[in-house]
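Remarks on the structure that follows.
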Amino acid sequence: MATRPDEFLFLHDSSAGVAPRLLGCELVRMIDGHKLRVKIVETEAYDQSDMASHSFKGRTPRNEVMFGPSGHLYVYFTYGMHHCMNIVTGNEGHGAGVLIRAVEPLEGLDEIERRRGYKRLHELTNGPGKVTQALGVTRQLGGHNLRKEPLQLVVRPALSQEHLVQTTRVGISAAKDMPWRFFIVNNPFVSQPWH
DNA sequence: CGGCAGATACGCT
DNA sequence: GCGTATCTGCCGT
């Protein structure tokens, strides 16, 4: 029996190549008997050659996962209260990943609202900390393989260039001019569409 | 919407 | 100690 081609092959590209490609892809999260499904609408690329990246100064216990195989999950904890999730990209030994900055709920809205505390719809998942809260992602899922439950990446066809915006990243001071943030044009769940 | 303050834990100097 | 790939609430526009 022939094995199916690995849909995750594109993750071997550079993070800046993968980040726009992840727009339109979906995440499926099984948690507490609920199925949550969301569409990725905003991403940012980080690479070890990039001063703003956690992997810039080399491997540490915290960023270890970024240097592992692509298609796994790098989760970090910041500002004393927020988790953020990245999809690891590139080859093993190279520290890179794509931050999921915003998603659009497709399924399981009730449970997402409950987890987020009943905010207005467009404020449910329009930020990296909000995404992890909505999907119940913490460091427990650090290193998780996104080919498997309980959190899976569903690859979708690449969106055409005209539906994408490329701009600078949010909330960093180093390498702030690198245009490694990508989002879907006119999507109401993008965190800062005017930037 | 923009600006600001406050909350809060952890990794690294 | 200090800075942080952030969010929220509160204020003014």
Side-chain angles (χ1 to χ4, degrees), chain A residues 11 14-23 27 38 40-68 70 72-90 94-105 112-144 146 151 153 165-184 186-195:
Chain A
L11 295 179
S14 69
S15 57
V18 173
R21 180 67 188 77
L22 283 171
L23 297 176
L27 291 166
V38 300
I40 299 172
V41 302
E42 179 180 347
T43 58
E44 280 179 4
Y46 288 87
D47 184 84
Q48 69 179 36
S49 66
D50 156 26
M51 295 230 308
S53 173
H54 291 167
S55 56
F56 179 68
K57 291 176 183 171
R59 212 183 268 250
T60 70
R62 181 204 200 192
N63 64 26
E64 175 76 33
V65 174
M66 287 186 86
F67 292 83
S70 66
H72 289 235
L73 197 67
Y74 168 53
V75 182
Y76 68 90
F77 183 69
T78 191
Y79 289 103
M81 61 191 90
H82 300 297
H83 295 270
C84 295
M85 57 179 278
N86 292 244
I87 295 177
V88 175
T89 67
H94 185 88
V98 173
L99 173 69
I100 308 302
R101 276 200 62 88
V103 301
E104 173 179 339
I112 289 174
E113 286 181 323
R114 189 189 69 75
R115 290 186 167 274
R116 287 280 299 129
Y118 302 98
K119 313 290 180 190
R120 280 172 298 186
L121 182 61
H122 72 280
E123 290 180 352
L124 277 180
T125 51
N126 61 337
K130 299 176 185 181
V131 170
T132 56
Q133 190 183 9
L135 297 180
V137 171
T138 67
R139 278 174 294 185
Q140 288 187 342
L141 277 176
H144 170 72
L146 291 166
L151 178 60
L153 174 68
V165 175
Q166 175 169 188
T167 180
T168 54
R169 297 173 293 182
V170 176
I172 54 170
S173 48
K176 55 176 358 163
D177 293 329
M178 304 314 297
W180 289 338
R181 171 172 175 242
F182 303 83
F183 62 86
I184 299 179
N186 287 340
N187 186 285
F189 295 89
V190 168
S191 68
Q192 298 178 32
W194 56 92
H195 281 180

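The analysis underlying the following values was restricted to heavy atoms, covering all of them including side chains, and did not include hydrogens, waters or symmetry mates. As the structure is a prediction and not an experimental result, all values here were calculated from the model. We name chains A, B, ... by the order of the sequence lines, and we start the count at 1 in each one.
Here the P atom of nucleotide B:dG6 and the NE2 atom of A:H82 are 16 Å apart, to the nearest Å.
One finds a salt bridge joining A:R169 and A:D50 here, because a Lys/Arg side-chain nitrogen approaches an Asp/Glu carboxylate oxygen to under 4.0 Å. Remark: A:R120 engages A:E123 in a salt bridge, criterion side-chain N to carboxylate O under 4.0 Å.
In this structure, A:T60 reaches the B:dC12 phosphate: one of its side-chain N or O atoms is under 4.0 Å from OP1 or OP2.
The two atoms that bring A:K130 and A:T125 nearest to each other are CB-CA, 4.1 Å, heavy atoms only.
Side-chain contact, A:D47 with A:H94: a donor N or O sits under 3.5 Å from an acceptor N or O. A donor and an acceptor atom, one from each side chain of A:S191 and A:R101, are located under 3.5 Å apart.
Side-chain atoms of A:H144 never come within 3.5 Å of backbone atoms of A:L73 as a donor-acceptor pair (strictly under, hydrogens ignored). With hydrogens and angles ignored, the 3.5 Å screen pairs a side-chain donor or acceptor of A:T43 with a backbone N or O of A:A19. With A:R116 contributing its side chain and A:L124 its backbone, the two residues share a donor-acceptor pair below 3.5 Å.
No engagement by A:K176 is indicated, since no non-hydrogen atom pair under 4.0 Å with the nucleic acid exists. Residue contacts shown for A:F77 are limited to sugar-phosphate atoms, with no base heavy atom under 4.0 Å away. Among the atoms of the strands shown, base atoms are found under 4.0 Å from some heavy atom of A:M66. Counting any heavy atom pair closer than 4.0 Å across all strands shown, A:R139 reaches sugar-phosphate atoms only and no base atom. Residue contacts shown for A:R62 are limited to sugar-phosphate atoms, with no base heavy atom under 4.0 Å away. A:I172 comes within 4.0 angstrom of the backbone, heavy atoms only, and of no base.
Cation-pi geometry between A:R139 and A:Y76 is not met: the NZ or CZ atom fails to fall both under 6.0 Å from the ring centre and inside 45° of the normal.
Extent of DNA chain C lying under 4.0 Å from chain A heavy atoms, first and last nucleotide in 5' to 3' order, is C:dT4 to C:dT8.
Pairs of Watson-Crick or G-U wobble type, with distances under 3.5 Å, assemble into runs of 3 or more in DNA chain B at these ranges: B:1-7 with C:6-12, B:9-12 with C:1-4.
Taking for each of A:K130 and A:Y76 the nucleotide of DNA chain C with the nearest heavy atom, the 5'-most of the two is the partner of A:Y76.
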